[in-house]
Each structure stands twice: as C-alpha cells, then as structure tokens.
Amino acid sequence: MAQGGHNVGKMSEETFDYICTPCNRENKTFEAVKYCVECKDYCCQSCMDSHKKYSPLFGHSFLEVGHGKQAGKQSTNSSEFATERCSIHKGKIVDMYCETHGTVGCYACIAKDHKSCPESHIHSVSDMLDSLFKLSDTQQTNSRLRQMIASMGTLGDSTDTRLEALNKARKETLDQIEIFQRVLESMLRKASESSQNEVEKVYQKLKNEILQNKRIIDDTSDALRDTSNKLNKSAANRAQQFVCSKIAEKDIKEAEQAMMKLQMTDENTDVEMSFHPDHKLKDYVQGLHGIGEVQATKKKRTDLYKLKNSRDINIKVYSDTKDCYSLGSCLTDDHHLLITDRDNKKVKRFDIHTLTFVDDCVLEGFPLGICCISKQEVAVGCRDPNMIQFVSIGNKMIPTSKIDTSHKCFGMAMKKDNLYVTDDGSSMFIYDMSGTKLRTITHDAAGNKLFTFSTQIAINENGNKMFVGNYHDGFVCFDGKENHQFTVKDNDVKSSVGVCRDGRGNVFVAGDHSHKVVQFNEDGKKVGVVVKQENGIEHPKSICFHPNTNRIFVTMLGSDILKMYEFE
C-alpha cells in the first residue's frame, strides 16, 4: 500500500512488513522503505527525505528494509548492520569482507585493492554474517586487544620514565656546561687580572723613573736660582762677584751635562702605554662552535641480561646451492641485519622487525667478516681472493670497489675512516680507505705475541676501546691508540670468535667450543653467561646486538638457522 503523506489517517501495524520507527514513536504508522544504518531506524519515504534537509542527518547510509532479514520479521537489533565508516573513502560503510586477505573494507576499497582476489572470496558482511561471525574469535581478539593495551600502557610508562630521565639528563648537562663556563670565566678573569697587574707594574716603573728625573730637574733648577741670587747680590763687591761668577759657570756646566744626560735617556722621552691582545687566543675562541662536546650516550648497564625468549630464523634462500656457513654479521642504521654466507659466496640482508629475508648479492671471493662504513655501504672481508670488498646497500645490494690484500680478511671494523682487519692468524691490520696499509699489530709493548688466531672486532662508541676475539685465548682489549690494555681468558669462552657490544658498557663474546655467549664489562670483568647450549646454541660464530630491542643475533657453524635471543 502506498503512502500519501503524514496527514493520512493511522493504519494498523499489521498492514506492513516494516513500519517507520520515528513515526511509530509519535504513535503513527507508516510503511518503512529503507533502514538507516547510523540512526538504526527503519524510515518511511518522508523521514528519508528529512535526512536530506538537516546537516546532522545528511550523508547517512540506507539499506533495503529486508537486508539480511526474513520478510515479515522486523527487528530492532541494529547489530546486524555494519556502521563503521571507511577512513579512506569518507561516508562509505565498511561492510565488505575479503576472505583471501582476511580483511574488511568498504565497497570502493574492495574494488580497488582486492580486484585480483577471487570473486567467490568477496562477501557482504551482513549476508555472510552467520558463517563469518564466531563469538570465540571476537572474545579472543578482545583478549588480545586488552593484552596489547596493557603492553602499550607499560611501554607508555617506560617512555614516560625515559622522558623524565632525559629531562633530568638535559638539566644536568646544562648545569655541567654552566659550571664549565664559570671555570672558563674564572680562568679568563685571572688572566685578565694578570694583564691588569702587568699594566700597573709597567706604569709604576715608568712613573718612578719620571719622578726621579723630575727631582733631578727641580734640584738643579733650585741650585741655579740660588747661584743666580748670590751673583746678583755681589754687584758691589768685585771680588765676591768674581767668585760667584766662577761658581755660576761651574753650576751652568754641571746643569748642561745633567740636562744633556736627561734628554738622552728613554725615561725622558714621551711614553705611551698600549695593550696588544693575544690574537691566537682570540682566533681560537672565535673558531669554537661550543665549549665542549655534547654526546647522547646510552645509560650504562651493570646487571646481567636475562633471557626472555628466542626464535629460529631460516637463513637459507631458494638460490642457495650449499648449506649456509655464516662467519660475520652486522646491523645497519635502517634496522637490517647483514650476514655473510661463506660457502654460497653471498651477503644476505634480513629485516630485523619482521625477521624475514630481504635480498642478497653474490661476491667474487668467499665472504667472512663484515662491517658498516656508512649508511649506504659495507666492507666485506674475503678470501680466495684475499680482499676487502665494498658493497652498496641501497635498494639493492651491489658489489662496488675493492682493496686487494696479501692476507685473508676475517674480522672487520671501522673507526675514523680507517679499517681494522684481522687475518684469523697472528695479526690485525689498519688500512685507510684508499687501501694503504698504515700499521700491522702483532705484539704488545713488551714484545709478547698478542694473537693465536685473531677473529672478530668490536669498537665502542667513543673509539677509546677495541675488543678483538682471540680464538685460543679469550679476547684482547686495546685503547684508542691501539695500545694493548689487557687480555681476558675464561673457560666459558673457549675458542672465541664472535665479539659485539651493547652500547651500554658491555661486551659479548661467543665461545665456539663452549657453546655460550658471555657478558663482560668494558674493563674485562665477567658479568655472566647470557646464552647457554641448552638454549639451542651450537658452535656460535658471529654475534651482533640490537640495543633498542635487547636482541642478540647469533650465526652458528654450518647452520641454516640464525638464532635470535631477546633479553629483559
């Protein structure tokens, strides 16, 4: 039955399958022609037209009154219709489901992003609700949401703590700068006072000399005036006049000599005082960009890392023809893990967030050690042929230039544009970037041999400490000038190969034959064992630590598995 307007008399509710909800609230009965998703009401034609008049109602979505319902059974349960609006296509309802990807979207999203998916896998949420919806899945998702909210809350608290610590560190750093500024000001003030005292010293010396000359002039003038008076008074006595005249001639002669002497001395010349600043000091201060260096260093950690969980990552890829044998690894600034695969002659790149393979590149020689030399390039140590191979790590990894060497290149590290290279033998070499060998280190200051088999290298942030694996004898520590500091021997690091740092004052050393990773502080004191054989580690070769996630990545002898250990 057609509706003629709201002035039509009230009809019986049983006449229609669906009645208009807003009109029914006013005790009127009209046939509903659509269902408003946002209002969650059935609407007659007149109420639908009202949606076009009023801004708050404009843009609401309508469904057919029988959508997802059996005719004759009006329901006020609005949960059968999706109401979420698409964040991309404003105004459209998210009411479609792609079974292939397990995602929902509006009609435009599905049409754009899922056009390659089988049509049989695209469903209307309302039409397939009975088969799609499982309360247990929703409860499980809700539980995971609560867990994630709690985890984010914990992380947020940790972030607040870090921000508070950072603010405190900022204040302390500014206080240190102010204290140092006061020290400099005090030193400058003392230097200035010293110059002022020197002015007074020179002034007093010159003043005394001038005053002494003035006294001589005054005394001579007084003597001459006295002689003149006597000569004038002797006019009536020729004998006295003669005597006074001769005395006057003598005094004049002495005065002439005194005047000549005074005129010839420096003390009697015009004197000017002037200050000549130390321009070297001025130029030095002028060239300063600050009164010191500000560094952001991670807070030192002195306690033993505790293992939280671990994961196996398969590092063998489809193009490999042999089992993997990784002896070197490093982390890049863009959070990728690079590992060498000796037997497949490759460098492989993995995403440490998703723990998935990204790409690889094939090298001429057998790759052993590896280190980052910039954000876009790494250096790879090789044998057969012996060389340092540079590899670009942009969108694709590409071998570029190389440095030929007379020795095998095992461990690799970089500091101040110099490459440090071990040979898995008795030496460590230092090269500049042009390939010039700058130095070979084999013995300590007393002439004792340093290495049995030199392996991997780790250098701290300040560059004032270097740690080198020493296969039969633990590891060796050098200072910033490559002077031997100490050698650590420990039964838990039998046959040490892998060495890395956490950036918080700790060194990790992997024992090939002890099947352990051991934590030491930078002074060589053992903190404890962080990974043991029962944790799934066998013959560890290379290790590298990601400080932001407290994860250590371990490659193992002839294994296709990379171990990832996460610590508290």
Side-chain angles (χ1 to χ4, degrees), residues 327-332 338 340 347 363 365-391 399-488 496-501 503 507 509 522 524 542 544:
L327 291 168
S329 58
C330 70
L331 289 164
T332 67
L338 301 179
T340 60
V347 174
L363 304 183
F366 291 92
L368 305 175
I370 187 171
C371 73
C372 290
I373 61 174
S374 72
K375 291 183 178 181
Q376 294 294 322
E377 196 170 25
V378 295
V380 183
C382 300
R383 68 166 176 82
D384 302 329
N386 295 329
M387 63 178 179
I388 301 168
Q389 175 69 65
F390 297 102
V391 177
T400 55
S401 60
K402 65 180 180 178
I403 297 172
D404 294 323
T405 65
S406 59
H407 56 84
K408 178 168 59 175
C409 300
F410 191 88
M412 303 290 297
M414 185 177 184
K415 183 180 77 169
K416 293 183 179 178
D417 295 328
N418 289 334
L419 282 170
Y420 293 75
V421 185
T422 60
D423 62 351
D424 196 23
S426 60
S427 304
M428 178 171 68
F429 306 91
I430 305 176
Y431 288 88
D432 65 17
M433 294 304 290
S434 68
T436 301
K437 188 188 296 183
L438 304 176
R439 185 179 173 190
T440 302
I441 301 172
T442 56
H443 294 78
D444 63 15
N448 300 311
K449 187 177 178 181
L450 283 170
F451 305 110
T452 50
F453 294 97
S454 55
T455 56
Q456 292 183 9
I457 309 169
I459 302 175
N460 69 2
E461 288 84 353
N462 297 328
N464 59 7
K465 285 197 175 181
M466 178 186 300
F467 307 92
V468 183
N470 192 20
Y471 194 72
H472 286 165
D473 296 313
F475 65 96
V476 183
C477 177
F478 297 88
D479 65 14
K481 296 182 179 179
E482 294 80 47
N483 297 312
H484 175 247
Q485 295 291 289
F486 55 81
T487 297
V488 173
S496 58
V497 180
V499 182
C500 70
R501 297 183 58 264
V507 183
V509 184
E522 289 190 353
S542 75
C544 53

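As a basis for the values below, the full set of heavy atoms in this structure was taken, side chains included, without hydrogen atoms, waters or symmetry mates.
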Under 3.5 Å, which donor-acceptor pairs link side chains of residues 411-422 to any protein atom two or more places apart or in another chain?
from   : atom 1 : to     : atom 2 : distance (Å)
Lys415 : NZ     : Gly463 : O      : 3.1
Lys415 : NZ     : Gly480 : O      : 2.9
Lys415 : NZ     : Glu482 : OE2    : 3.2
Tyr420 : OH     : Glu482 : OE2    : 2.9
Thr422 : OG1    : Gly411 : N      : 2.7
Thr422 : OG1    : Thr455 : O      : 2.5

- Task: Taking salt bridge (charged side-chain N to carboxylate O under 4.0 Å, His left out) as the test, write out the residues that go with Asp423, two or more places apart.
- Result: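 Scan of Asp423 (salt bridge (charged side-chain N to carboxylate O under 4.0 Å, His left out), adjacent residues dropped) gives none.
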
- Message: For Arg501, give me all partners under salt bridge (charged side-chain N to carboxylate O under 4.0 Å, His left out), at least two apart in sequence or on another chain.
- Response: Glu461, Glu522

Does some side-chain heavy atom of [Y] sit less than 4.5 Å from a side-chain heavy atom of [X]?
X	Y	result
Phe366	Cys382	no
Phe429	Ile388	no
Leu363	Val391	yes
Tyr471	Val497	yes
Gln389	Pro367	no

- Check the surroundings of atom CZ in Phe453: do more than 12 heavy atoms from other residues, nucleotides or ligands lie under 6.0 Å from it? no

Listed pairs under 3.5 Å, donor-acceptor, residues 369-377 side chains, sequence neighbours left out:
from   : atom 1 : to     : atom 2 : distance (Å)
Ser374 : OG     : Gln376 : N      : 3.2
Ser374 : OG     : Glu377 : N      : 3.1
Glu377 : OE2    : Thr400 : OG1    : 3.4

Looking only at heavy atoms, what is the nearest atom pair of [X] and [Y], with distance?
X	Y	result
Ser406	Lys437	OG-NZ, 4.0 Å
Phe478	Met428	CE1-CE, 4.1 Å
Thr340	Leu368	OG1-O, 2.7 Å
Asp432	Ser434	OD1-OG, 2.7 Å
Phe467	Cys477	CE2-SG, 3.7 Å
Cys544	Ser329	SG-OG, 3.6 Å

- Query: Which residues pass the ring-ring contact (aromatic ring centres under 6.0 Å, His included) test with His443, sequence neighbours left out?
  - Reply: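 His443 satisfies ring-ring contact (aromatic ring centres under 6.0 Å, His included) with no residue once adjacent residues are dropped.
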
- Counterpart residues, side chain to side chain donor-acceptor pair (under 3.5 Å), relative to Thr405 (two or more places apart):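 Here no residue qualifies.
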
Starting at [atom1] of [X], measure out to [atom2] of [Y] and round the result to the nearest 0.5 Å.
X	Y	atom1	atom2	answer
Phe451	Asp424	CZ	CG	12.0 Å
Ser427	Lys408	OG	NZ	12.5 Å
Leu450	Ile441	CG	CD1	8.0 Å
Asn464	Lys481	CG	NZ	12.0 Å

Okay, side chain of [X], backbone of [Y]: is any donor-acceptor separation there less than 3.5 Å?
X	Y	answer
Gln456	Leu327	yes
Ser496	Gly469	no
Thr442	Ser426	no

- Stepwise side chain to side chain contact (heavy atoms under 4.5 Å, CB included) test for Val499 and Val468: CA-CA 7 Å; Val499 182; Val468 183; over 6 Å; no

- Classify the ring geometry between Phe475 and Phe486 as parallel (under 30°), tilted (30 to 60°) or perpendicular (over 60°). perpendicular

